[in-house]
Amino acid sequence: MIHEVRFMSPGYHIFKGLMWLCCTTSLLCLTAKPLDVLVVTPGLTGFSATATITRAGPGFEVALHRLKTAYTNIAFSHVYLYNRSIPDCGTFANNAQYILSQWFYEQDGDRGTMPIYMVTTGCFEPALLNQLAAAWNMFYITVCSSDEVIRDKSKSPTWINTNFFPTIFFGDIFYRLFLMQNWTSVYVVLDLDSIPIYQLVFGALDKLVRPKVRTVNIQYSSRKEGLDFHALLKSFATQSRVMLFLGSASQLRLLLLSAAARGQTTGEYVFIAAVPFPYKVQGIFTWQTFDQNDEIIRAAYRSVIFVTMMDVSPSGLHVTEAQLDDLKSKWNAEFKRNPFYGNQDLRDEPSIPHLASANAAMEMLAQVLNESMADPDFDPRNGRALARRFLSRTFDTSSGRISLDQFGDRTPSVSVSYFNDTTGDFEVYIRSNITKGDYRYSAVKPVSWFNGSHLPPNEPMCGYMGDKLECRPRTGIQTRELFAGVGVAVVALIVGSICLGCLIRSRVLKDNGAPWWTLNGGLLEASARRIFSLKFCQSLKQLQRYPSQAPD
């Protein structure tokens, strides 16, 4: 491979990896002359983020080496666009459109005959580069980050994503876990000084959970003043039994030490930790740091559920261990060979998700181009038409199986694990199962939780404070017993009244020889005579008292 460095403008450089793949007598050669394709990769250099071209670059190069022999009817050339003076993702995002558009028009990209495809790592700039790709009808693949706008094909007609990060599912990962366990009250704790992805998860989850899940959101800065974990756990105990902790491995260790001291690591409480993928730069979640607290933390880890947002294990990638080891060896060799990547001593741990995604993106592009060249109406410069050939498809690549949905967005692989105290490591018990954008989990094996097979509820049977009525200690006459006694007395009173009524009714019937409700005219007559006699006597008395008022 020939590498070339040239100046675009003061301060801007182009690193160009050139590979011409000539047509031979291979059966894959579908045309007399190979299709020339230029792949451009604008991106950030250095190690300020995981999504840089210096960290993902060997993924491109190893794939191009493989494509040379696999697809002799396509001739790829590859260009990196970068500015070494740009220090971080935010600054690069502010300059990305200028860097790309200047290069594009200098190359006569809008008038040239060679198709130009953008396959880039992406940090904060994917949506910005998408605006240019859509305007130029340029085919566009991101391999390290994405954006929700990819699902609006009117704005993103040429965009495909092989990114491992489950960007649009950041909230669903945890929300669906809460619903699956019927957890309706959850503490969410965010360390603002941890890796940026935790802040994205925090925001996405907060928008999603209500009204089915009530969350208590806590934010703190571990660098500025830290957090009083004892006070946090005391408050936590009064409102929930489930905590999602979005912070580093070292901060989780401090939290669990406090929880163990308070007796909150015995199976009644659940602490959910999360990591994008196992990576030293982000911190390794392990109980073993070889200090005096290791055994305390090992026991406390039994109370931890661990979410891996990108499962890059062989089973997560759908490759064998031998395949993955072979790729790792080739990526490491490329790091050591090429000083451009700044990691010849491998002091910076290679990022498997980014390398695998870059490798897969190039192989998928070659597969679809090879298929399309058999179509006489295929125009390789039509980015919209090319992108449509990727939708709702699954690709088997040397770095894993990639499934794209109807929007061209990669279906992520998320795993959830429990801690196996026997092995001292986490074991996967559920994995994500996403169908047409609907996020769900599928069981891999039963969960093991303190010798049981169920996670605890978010509220104990006796309430958060153990003060529910049915759980109060017995002192004197219990309210429940009092209510029962009153109920029995009322029932006895009603039954007694009914019996008394029946008795009276039967007596009347016996004495009169007729039903009690039959009227007796004789009795009514006697009553009338008695009333008339009484009135007559009263009149005589009045005449005797007032004789002058007697009528003539």
Side-chain angles (χ1 to χ4, degrees), residues 6 8-9 12-18 35-44 51 53 56 60 74-83 86 89 92-163 357-358 361-362 364-366 368-369 372-373 375 377-391 404 407-410:
R6 65 181 180 182
M8 290 179 56
S9 59
Y12 287 89
H13 307 282
I14 300 178
F15 174 87
K16 185 172 182 179
L18 182 62
L35 173 66
D36 292 327
V37 172
L38 176 59
V39 176
V40 59
T41 302
L44 182 68
I53 56 177
F60 292 109
I74 309 171
F76 285 98
S77 57
H78 185 216
V79 176
Y80 287 127
L81 302 182
Y82 62 93
N83 179 349
I86 294 179
C89 289
F92 184 77
N94 293 335
N95 291 273
Q97 287 187 329
Y98 172 73
I99 294 173
L100 178 62
S101 59
Q102 184 184 40
W103 172 86
F104 181 76
Y105 289 114
E106 283 182 355
Q107 297 294 312
D108 290 329
D110 55 333
R111 295 188 298 274
T113 57
M114 180 186 294
I116 299 176
Y117 305 140
M118 180 164 46
V119 184
T120 185
T121 51
C123 198
F124 292 169
E125 75 281 359
L128 298 172
L129 294 180
N130 173 63
Q131 294 174 358
L132 296 180
W136 295 335
N137 195 19
M138 177 190 287
F139 180 69
Y140 175 40
I141 304 181
T142 46
V143 302
C144 296
S145 62
S146 185
D147 190 278
E148 289 188 8
V149 75
I150 192 175
R151 306 182 81 78
D152 184 346
K153 302 319 285 184
S154 66
K155 297 179 180 177
S156 310
T158 67
W159 191 357
I160 300 299
N161 173 49
T162 64
N163 161 46
S357 292
M362 296 304 297
M364 290 163 60
L365 175 59
V368 174
L369 284 175
S372 303
M373 289 168 66
D375 182 356
D377 297 324
F378 172 62
D379 178 3
R381 298 186 77 249
N382 187 340
R384 288 174 171 80
L386 181 59
R388 286 195 292 269
R389 295 173 183 259
F390 287 77
L391 306 183
L404 303 181
F407 305 106
D409 198 17
R410 180 177 184 170

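Numbers for residues simply follow the sequence, beginning at 1.
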Does some side-chain heavy atom of [Y] sit less than 4.5 Å from a side-chain heavy atom of [X]?
X: Trp136; Y: Ser101; answer: yes
X: Met118; Y: Leu132; answer: no
X: Val39; Y: Met362; answer: yes
X: Val37; Y: Leu369; answer: yes

Test side-chain contact (heavy atoms from CB on, under 4.5 Å) applied to Phe92 and Ile99, step by step: CA-CA 9 Å; Phe92 184 77; Ile99 294 173; 3.9 Å; yes

Please name all residues satisfying side chain to side chain contact (heavy atoms under 4.5 Å, CB included) with [X], sequence neighbours left out, ordered by chain then number.
X: Phe124; answer: Cys89, Ala93
X: Ala366; answer: Leu67, Tyr71, Phe76
X: Glu148; answer: Ile168

Any residue meeting side chain to side chain donor-acceptor pair (under 3.5 Å) with [X], in chain and number order, not counting sequence neighbours:
X: Ser156; answer: Asn130
X: Asn382; answer: Asn137
X: Ser154; answer: Asp152
X: Thr120; answer: none

For [X] and [Y], work out which heavy atoms get closest and say how close.
X: Trp159; Y: Ala127; result: CH2-N, 4.2 Å
X: Ile116; Y: Met138; result: O-CG, 3.2 Å
X: Pro115; Y: Tyr117; result: CB-OH, 3.6 Å
X: Ile74; Y: Met373; result: CG1-SD, 4.0 Å
X: Ser357; Y: Val143; result: CB-O, 3.1 Å
X: Pro380; Y: Leu35; result: CG-CD1, 4.0 Å

For [X], what residues pass the ring pair (Phe, Tyr, Trp, His ring centres under 6.0 Å) criterion, not counting sequence neighbours?
X: Phe390; answer: Phe139, Phe395
X: Phe378; answer: none
X: Phe60; answer: His78

Got a donor-acceptor contact below 3.5 angstrom from the [X] side chain to the [Y] backbone?
X: Tyr140; Y: Pro126; value: yes
X: Thr121; Y: Cys144; value: no
X: Thr142; Y: Asn161; value: no
X: Thr41; Y: Tyr80; value: no

Inter-residue atom distance [X].[atom1] - [Y].[atom2], 0.5 Å rounding:
X: Ile150; Y: Ile160; atom1: CD1; atom2: CD1; value: 6.5 Å
X: Ile141; Y: Thr158; atom1: CD1; atom2: OG1; value: 10.0 Å
X: Ser372; Y: Asp377; atom1: OG; atom2: CG; value: 11.5 Å
X: Asp147; Y: Leu129; atom1: CG; atom2: CG; value: 11.5 Å
X: Asp409; Y: Leu391; atom1: CG; atom2: CG; value: 11.0 Å

Qualifying salt bridge (charged side-chain N to carboxylate O under 4.0 Å, His left out) pairs with a residue from residues 381-390, counting only residues at least two apart or across chains: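 Those involving residues 381-390 are Asp375-Arg389.
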
Stepwise side-chain contact (heavy atoms from CB on, under 4.5 Å) test for Leu128 and Asn94: CA-CA 9 Å; Leu128 298 172; Asn94 293 335; over 6 Å; no

side-chain contact (heavy atoms from CB on, under 4.5 Å) evaluation trace for Arg410 with Ser146: CA-CA 10 Å; Arg410 180 177 184 170; Ser146 185; over 6 Å; no

CA sep, side-chain torsions, deciding dist, call: Met364, Leu404, side-chain contact (heavy atoms from CB on, under 4.5 Å): CA-CA 11 Å; Met364 290 163 60; Leu404 303 181; 3.8 Å; yes

